[in-house]
Amino acid sequence: MIKTNSLMLRVLSLLGLWMLGTAAAAADKVNFQLDWMPGGDKAPVYVGVQQGFFAAEGLEVKIAQGRGSTDSLTRLATGISDIGLSDISALLAARARDDVGVSAVMSVFSQAPHAFFTLSDSGVDTVAKVAGKRIATSAFTSSNVFLPLLLEVNHLDENDIRLIKADVGALGPMLITGNADLVISWVTDREKYQAQASEMGRTISMLPWYQAGMDIYATSLVASDRFLQQRPEVARRFMRAYLKAIAYTWAEPERAGAMVEAMVPEVDAGVATATILTMRDLVFNDASARLGLGALDPARLAETWRWVARAQDLDESAFDPETAVAREIMAGVVPAQPVKEEVTP
C-alpha cells in the first residue's frame, strides 16, 4: 500500500510538471522594447508581468532596455523586439523620411513630457516670463527640437533667451547654484531636481510645456509591422493587458513602484513611485478624458505631425500621419471612453 501511494505521488508529480511545462510552452513570447532605462515611467510593463495581466492573456513578456526612441525604433524595425515604447514624434519623422516598418498602436503619454524647471523664488511662473533668462539644456534632448516652436507659440523668439548647452548631469547643479535661471528637462525628472534643491534648502517649480501650447501626443506603444502582420491577435492581447497595467499603476503607485524594484533591483521603489505620481498628468489628462485612454485621435495626431514637421523641417503635406497608425489592431482594444484608475482584482 505504501509502495502504491508512493508510486501515485511520483506519477502525479510528474504529471504536474508536464502540465506546467505544457502551459509554459503554450504561452506566446513577446519581446518588449523600452525606449530608455527602467524606472517609474516604465512601470506599466513591469506591473503587467508582476500582476499577471500578461500571463492571463497567455503571454510571456521579456523586457529589454533602450537608449532613446531612435534606438527603440531600430530594434523594432529590425525584428529584435516585437512591441515597445517610442515618442510618436520620432516615429512620425522616421516614417516620413524612411518609411520605417514600425506603427503606433496606442498612446501612453497623451501630453508631451517637456518642461522648464526653475527655483520657486525666481519669479518665472509662465513660459512668457523666460524672456531674458539663461536656460540650460542637455545637448541631445528632443526638447531642443521643439523649443523654438514653443517660444513662437508664446510670442517669443530664440534671441529672447540665452540657451546654454551642458552635460545632463550638470543641469540641476547649474540651476541651484545660480549659473542658469531655468533648465529644460522632462517632468519625470522633477523628483531628481527637487532632491538636489532640498540639499540647499531650496524648492523647485515646474512649467510643463503642455500647459503652454504644446498640446501633442508623446510616448506611445509602437510595434514592428512584421509582428502586427504575423501575430495580430498576440498584439491585441498585449494591448489589453497593458491597458489594465496602466490603470493599476496609477491606482496603486506605491505597489507599482515596488514591482519595478522587484524586477530591476537597481531602481529604488520610492523613487519609482515618486516618478509615477509626477507623470500622472501625462497619462490622465483632458485629452485622455475627452478621447479615451490609449486613443490616437486623428485630428490630434495631425496636430502632432504639424509640430514635428515644422520642428524638423519636413514637408508637412508629403506625409499622412494616419499611415503610421495600425488602426485595425487598435479596433476593439483601445476604448472609446476613458479607462478609470481602478484596481483590477
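Hydrogens, waters and symmetry mates play no part in the numbers below; they use all other heavy atoms, side chains included. The chain is numbered in sequence order, starting from 1. Note that the coordinates shown come from a computational prediction; the quantities given were computed from them, not determined experimentally.
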### Query
Does Val234 reach the side chain of Phe227, with side-chain heavy atoms less than 4.5 Å apart?
yes
### Task
Enter the distance from Ile63:CD1 to Ser81:OG here, rounded to the nearest 0.5 Å.
11.0 Å
### Verdict with reasoning, Leu151 to Asp160, per side chain to side chain contact (heavy atoms under 4.5 Å, CB included)
CA-CA 9 Å; Leu151 294 174; Asp160 292 329; over 6 Å; no
### Message
Which heavy atom of Gly66 sits nearest to which heavy atom of Asp71, and what is that distance?
### Response
CA-OD2, 3.6 Å
### Query
Taking side chain as C-beta onward, heavy atoms only, is Arg300 less than 4.5 Å from Asp215?
yes
### Query
Would you call Val45 and Leu34 a side-chain contact if the rule is heavy atoms closer than 4.5 Å?
yes
### Qualifying residue for side-chain contact (heavy atoms from CB on, under 4.5 Å) with Tyr193, from Val183, Leu175, Leu119
Val183
### Task
Would you indicate whether Met200, at its atom CE, is surrounded by more than 12 heavy atoms from other residues, nucleotides or ligands within a distance under 6.0 Å?
no
### Task
Could you tell me whether the side chain of Gln33 and the main chain of Ser72 form a donor-acceptor pair under 3.5 Å?
no
### Task
Using the ring of Tyr248 (Phe, Tyr or Trp, six-membered ring only), decide whether Arg255 places NZ or CZ under 6.0 Å from its centre and within 45 degrees of its axis.
no
### Message
Assigning hydrophobic clusters by single linkage (Ile, Leu, Val, Met, Phe, Trp, Tyr; side-chain heavy-atom cutoff under 4.5 Å), is Val333 placed with Val325?
### Response
yes
### Query
Under 4.5 Å between any side-chain heavy atoms of Leu76 and Val100, yes or no?
no
#### Entry: Joint hydrophobic cluster, Leu156 plus Trp209, side-chain heavy atoms closer than 4.5 Å
yes
### Under the salt bridge (charged side-chain N to carboxylate O under 4.0 Å, His left out) test, residues paired with Asp297 that sit two or more places apart
none
### Query
Where the side chain of Arg134 meets the backbone of Gly178, is there a donor-acceptor pair that is under 3.5 Å apart?
yes
#### Entry: Straight-line distance of Glu57 CD to Arg236 CZ, nearest 0.5 Å
12.5 Å
### Task
Of all the heavy-atom pairs spanning Leu296 and Met106, show the shortest one and how long it is.
CD1-N, 4.0 Å
### Summary
CD1 (Ile276) and CD (Glu191) are apart, to the nearest 0.5 Å, by 11.5 Å
### Query
Taking only residues two or more places apart in sequence, or in another chain, which ones meet Phe319 in a ring-ring contact (aromatic ring centres under 6.0 Å, His included)?
Trp305
### Query
If Ile, Leu, Val, Met, Phe, Trp and Tyr residues are connected whenever their side-chain heavy atoms lie under 4.5 Å apart, and connections chain through other members, are Leu182 and Ile164 in the same group?
no
### Message
Just by distance, no angles: are the side chains of Ser103 and Asp225 close enough, under 3.5 Å, to form a donor-acceptor pair?
### Response
yes
#### Entry: Main-chain N/O of Asp181 paired to Thr118 side chain as donor or acceptor, under 3.5 Å
yes
### Query
Is there side-chain contact between Ser110 and Tyr217, with heavy atoms separated by less than 4.5 Å?
yes
## Note on the structure
All heavy atoms of Lys129 vs all of Gly123, minimum pair found to be CD-O, 3.5 Å
### Task
Over 60° means perpendicular and under 30° means parallel, so classify the ring planes of His114 and Trp186, tilted if in between.
perpendicular
### Task
Side-chain contact test, heavy atoms from C-beta onward, threshold under 4.5 Å: evaluate it for Lys42 versus Val264 and give yes or no.
no
### Message
Strictly distance-based, threshold 3.5 Å: is any side-chain N or O of Ser224 a donor or acceptor partner for the main-chain N or O of Arg226?
### Response
yes
### Message
Nearest 0.5 Å, please: how far is CG in Asp286 from OH in Tyr210?
### Response
9.5 Å
### Task
Before accepting this row, confirm whether a basic side-chain N of the pair Glu303/Arg306 lies closer than 4.0 Å to the acidic partner's carboxylate O.
yes
### Query
Side chains of Asn31 and Ile80: closer than 4.5 Å at any heavy-atom pair?
no
### Message
Under 4.5 Å between side-chain heavy atoms, counting indirect links through other Ile/Leu/Val/Met/Phe/Trp/Tyr residues: same cluster for Val271 and Val187 or not?
### Response
no
### Task
Answer with yes or no whether the hydrophobic clustering places Met174 together with Leu163; edges join I, L, V, M, F, W, Y residues whose side-chain heavy atoms lie under 4.5 Å apart.
no
### Query
In this structure, are over 12 heavy atoms from other groups packed under 6.0 Å from Arg327 atom CZ?
yes
### Message
Any donor-acceptor pair under 3.5 Å linking the side-chain atoms of Asp41 with those of Thr188?
### Response
no
### Leu150 vs Phe116, side chain to side chain contact (heavy atoms under 4.5 Å, CB included): CA-CA, chis, key distance, verdict
CA-CA 11 Å; Leu150 179 78; Phe116 287 125; 3.9 Å; yes
### Query
Between CG of Asp121 and OG1 of Thr203, what distance do you get to the nearest 0.5 Å?
6.5 Å
### Task
Tell me, with the steps shown, if Thr141 and Phe146 meet side chain to side chain contact (heavy atoms under 4.5 Å, CB included).
CA-CA 10 Å; Thr141 176; Phe146 293 105; over 6 Å; no
### Task
Assess whether side chain to side chain contact (heavy atoms under 4.5 Å, CB included) is satisfied between Met214 and Val153, documenting all intermediate values.
CA-CA 8 Å; Met214 190 177 179; Val153 167; over 6 Å; no
### Task
Please report the shortest heavy-atom distance between Ile184 and Ser143, naming the atom on each side.
CG2-CB, 3.5 Å
### Task
Might you point out which heavy atoms bring Ser69 and Asp87 nearest each other, and give the distance in Å?
OG-N, 2.9 Å
### Task
To the nearest 0.5 angstrom, please state how far the OH atom of Tyr46 sits from the CD atom of Glu261.
12.5 Å
### Query
Just by distance, do the side chain of Thr249 and the backbone of Ala256 share a donor-acceptor pair under 3.5 Å?
no
### Main-chain N/O of Val102 paired to Arg95 side chain as donor or acceptor, under 3.5 Å
yes
### Query
Should Arg97 and Gln312 count as side-chain neighbours, where that means a heavy-atom distance under 4.5 Å?
yes
### Query
For the side chain of Arg237 and the backbone of Gly58, is there at least one donor-acceptor N/O pair under 3.5 Å apart?
yes
### Message
Classify the ring geometry of Phe284 against Trp250: parallel below 30°, tilted from 30° to 60°, perpendicular beyond 60°.
### Response
perpendicular
### Summary
Closest heavy-atom pair, Asp82 versus Lys29, reported as atoms and distance to 0.1 Å, is OD2-O, 4.1 Å
